[in-house]
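Hydrogens, waters and symmetry mates play no part in the numbers below; they use all other heavy atoms, side chains included.
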Amino acid sequence: MAVLLEVRNLKKYFKVGAAQLHAVDDINFVLDEGKTLGVVGESGCGKTTLGRVILHLLDLTDGQVIFEGKDCTSPTKKELIEMREDMQIIFQDPYSSLNPRMSVSETIMEPLILQGGMTKIEMRAETLHLMETVGLAQRFENSYPHELDGGRRQRIGIARALALKPKFIVCDEPVSALDVSIQAQIINLLLDLQEERGLAYMFVTHDLSVVKYISDDIMVMYLGQMVEKASSDELFAKPLHPYTKALLSAIPVPNIHNKKKRIIMQGEITSPINPRPGCRFMDRCQYVTPECSEPQVLEEPDSDHFVACCNFSKI
């Protein structure tokens with residue numbers, strides 16, 4: 001399987017007065033063609049910022065983004081336009097990401113107009129084909145976002161992302177604003193599209209049950225840093241970082257007779273503004289030792305299973 005995307009030492013800091021907020025801090029990963037990388041963590045850990053920096057919706061502070069073997073860290077305007085054809089995003093809120101003054105067909109057709117090279121008849125035919133692909137009936141082509149439910153709005157966002165035939169899509173919590181029954185439809189649609197088109201996804205979510213179902217590999221983030229990364233099955237079967245274990249313990253079990261032991265995290269969350277060296281989870285970790293105050297190194301105790309914790313072997 002060929003490598004599609006490689007991220008090296010990616011950092012994104014925001015200025016907060018004289019200080020800096022470390023939103024994304026030294027992230028590394030590789031994503032193969034047709035695969036899905038799930039990214040999980042609490043709100044504010046940098047998941048969405050990571051996706052937007054990769055797509056250059058936000059400027060990066062440091063690091064490299066390599067796409068199909070080409071360094072895309074500092075693209076020119078022309079290169080950025082070309083990148084937009086191969087790298088797209090599905091936003092979290094399907095309502096706020098759509099222009100309320102544009103109909104369904106106008107929204108989906110807009111990328112085709114910007115790309116150029118097609119007649120009006122060809123663009124309309126392609127728009128109707130995209131609507132059919134994502135399960136939107138043709139009768140909705142002249143409808144507006146406020147006239148549709150959340151599931152259909154999200155299908156518009158997916159169709160718009162597919163319009164230029166991308167190879168990589170950042171799915172920024174695409175089902176979090178939807179009802180559970182609609183979530184299943186959208187997830188299955190994304191999986192079908194991935195199989196048909198060979199798409200690679202970076203799937204950002206809070207829902208650990210969803211991320212296990214859709215992801216090949218899972219990366220756990222905490223306050224801008226990657227604390228653990230492994231295949232989906234490996235991570236759920238053998239979590240190593242105490243934060244990962246706490247997250248997995250919170251997954252509800254559909255059996256009233258099988259009570260799961262929750263790991264309740266105590267203590268204050270470390271400030272991401274000019275954070276001190278060392279593990280950022282140490283103030284909430286029950287296994288903290290003096291070594292935790294030293295910078296944590298990402299280790300690989302098992303094949304393709306990475307963890308940034310000096311005490312993982314003792315837990």
Derivation and outcome, side-chain hydrogen bond (donor to acceptor under 3.5 Å, both in side chains), residues Tyr201 and Asp216: CA-CA 10 Å; Tyr201 295 140; Asp216 296 292; over 6 Å; no
No-hydrogen, no-angle side-chain donor-acceptor test under 3.5 Å, Thr205 and Glu173: no
Sole candidate of Tyr287, Tyr222, Phe312 that passes ring-ring contact (aromatic ring centres under 6.0 Å, His included) when paired with Phe281: Tyr222
Within 45° cone and under 6.0 Å: Lys12 NZ/CZ vs Phe14 ring: yes
Check against side-chain contact (heavy atoms from CB on, under 4.5 Å), Arg276 and Met282: CA-CA 11 Å; Arg276 64 179 183 273; Met282 62 183 294; 3.6 Å; yes
Heavy-atom check, side chain of Pro174 versus side chain of Leu190, under 4.5 Å: yes
Donor-acceptor contact below 3.5 Å, side chain Asp217 vs main chain Leu37: no
Derivation and outcome, salt bridge (charged side-chain N to carboxylate O under 4.0 Å, His left out), residues Arg8 and Glu6: CA-CA 7 Å; Arg8 298 178 182 172; Glu6 185 175 357; 3.0 Å; yes
Test salt bridge (charged side-chain N to carboxylate O under 4.0 Å, His left out) applied to Lys238 and Glu228, step by step: CA-CA 11 Å; Lys238 189 182 175 183; Glu228 190 165 0; over 6 Å; no
His56 side-chain N/O to Cys72 backbone N/O, donor-acceptor pair under 3.5 Å: yes
Expected list for residues 18-25: side-chain donor-acceptor pairs under 3.5 angstrom, two or more places apart:
from, atom 1, to, atom 2, distance (Å)
His22, ND1, Asp25, OD2, 2.9
Asp25, OD1, Tyr13, OH, 2.7
Asp25, OD2, Arg280, NH2, 2.4

ILVMFWY cluster, Met87 and Val170 together (side-chain gap under 4.5 Å): yes
Any Asn142 side-chain heavy atom under 4.5 Å of Ser105 side chain: yes
Stepwise salt bridge (charged side-chain N to carboxylate O under 4.0 Å, His left out) check, Glu42 with Arg284: CA-CA 13 Å; Glu42 295 171 304; Arg284 305 172 74 188; 3.1 Å; yes
More than 12 heavy atoms of other groups within 6.0 Å of Lys245 NZ: yes
Expected output: side-chain Tyr243 to main-chain Gly41 donor-acceptor under 3.5 Å: no
Mutual orientation of the aromatic rings belonging to Tyr144 and His146 [parallel < 30°, tilted 30-60°, perpendicular > 60°]: parallel
Ring-face cation of Lys212 near Phe236 (centre distance under 6.0 Å, axis angle within 45°): yes
By salt bridge (Lys or Arg N to Asp or Glu O under 4.0 Å) - contacts of Glu85 (at least two apart): none
Side-chain donor or acceptor of Ser215 paired with backbone N/O of Ile218 under 3.5 Å: no
Gap separating the CD1 atom of Ile169 from the CG atom of Asp86, nearest 0.5 angstrom: 11.0 Å
Asp172 and Met202, any side-chain heavy atoms less than 4.5 Å apart: no
Check: Ala200 main-chain N/O paired with Gln194 side-chain donor or acceptor under 3.5 Å: no
Thr73 side chain to Asp71 side chain, donor-acceptor N/O pair below 3.5 angstrom: yes
Ion pair Asp149/Arg152, N-O distance below 4.0 Å: yes
Step-by-step side-chain contact (heavy atoms from CB on, under 4.5 Å) determination, Gln154 to Ile90: CA-CA 8 Å; Gln154 195 59 289; Ile90 300 169; 3.5 Å; yes
Straight-line distance of Met83 CE to Lys78 NZ, nearest 0.5 Å: 15.0 Å
Steps toward side-chain hydrogen bond (donor to acceptor under 3.5 Å, both in side chains) verdict (His206, Ser43): CA-CA 8 Å; His206 286 101; Ser43 295; 3.1 Å; yes
Donor-acceptor under 3.5 Å (Glu122 side chain, Thr119 main chain): yes
Within-4.5 Å side-chain heavy-atom neighbours: Leu148 and Phe140: yes
Pair Glu82 + Lys77: basic N to acidic O under 4.0 Å: no
Rounded distance [0.5 Å steps], CD1 in Ile27 versus NZ in Lys47: 12.0 Å
Path from Val204 to Leu10 over hydrophobic side-chain contacts below 4.5 Å: yes
Any residue meeting salt bridge (Lys or Arg N to Asp or Glu O under 4.0 Å) with Asp179, in chain and number order, not counting sequence neighbours: none
Heavy-atom check, side chain of Asn188 versus side chain of Tyr213, under 4.5 Å: yes
From CD (Gln225) to CG (Asp26), nearest 0.5 Å: 7.5 Å
Test side-chain contact (heavy atoms from CB on, under 4.5 Å) applied to Leu4 and Glu68, step by step: CA-CA 5 Å; Leu4 181 70; Glu68 293 188 311; 3.6 Å; yes
Under 3.5 Å side-chain donor-acceptor pair for Asn311 and Thr289: yes
Beyond-backbone contact of Val175 with Ile187, side-chain heavy atoms, under 4.5 angstrom: yes
Salt bridge Asp59-Arg52, side-chain N to carboxylate O under 4.0 Å: no
side-chain contact (heavy atoms from CB on, under 4.5 Å) between Leu5 and Ile54, intermediate numbers included: CA-CA 9 Å; Leu5 175 69; Ile54 291 171; 4.1 Å; yes
Shared hydrophobic cluster for Leu136 and Phe91 (ILVMFWY, side-chain gaps under 4.5 Å): no
Lys11 side chain to Gly63 backbone, donor-acceptor under 3.5 Å: no
Residue pair Leu130 / Val134, side-chain heavy-atom distance below 4.5 Å: no
Presence of salt bridge, Arg101 and Glu106, under 4.0 angstrom: no
Gap separating the CD1 atom of Ile121 from the CD atom of Glu126, nearest 0.5 angstrom: 14.5 Å
Pairwise distance CD(Glu141) to CD1(Ile108) - rounded to 0.5 angstrom: 9.5 Å
Within 6.0 angstrom of Glu300 CD, more than 12 heavy atoms from elsewhere: yes
Side-chain donor/acceptor of Ser97 to backbone N/O of Asp93, under 3.5 Å: yes
Shared hydrophobic cluster, Leu223 / Met219 (ILVMFWY, side-chain heavy atoms < 4.5 Å): no
Non-hydrogen side-chain atoms of Ser103 and Ser143 separated by less than 4.5 Å: no
Any donor-acceptor N or O pair under 3.5 Å, side chains Thr48, Gln92: no
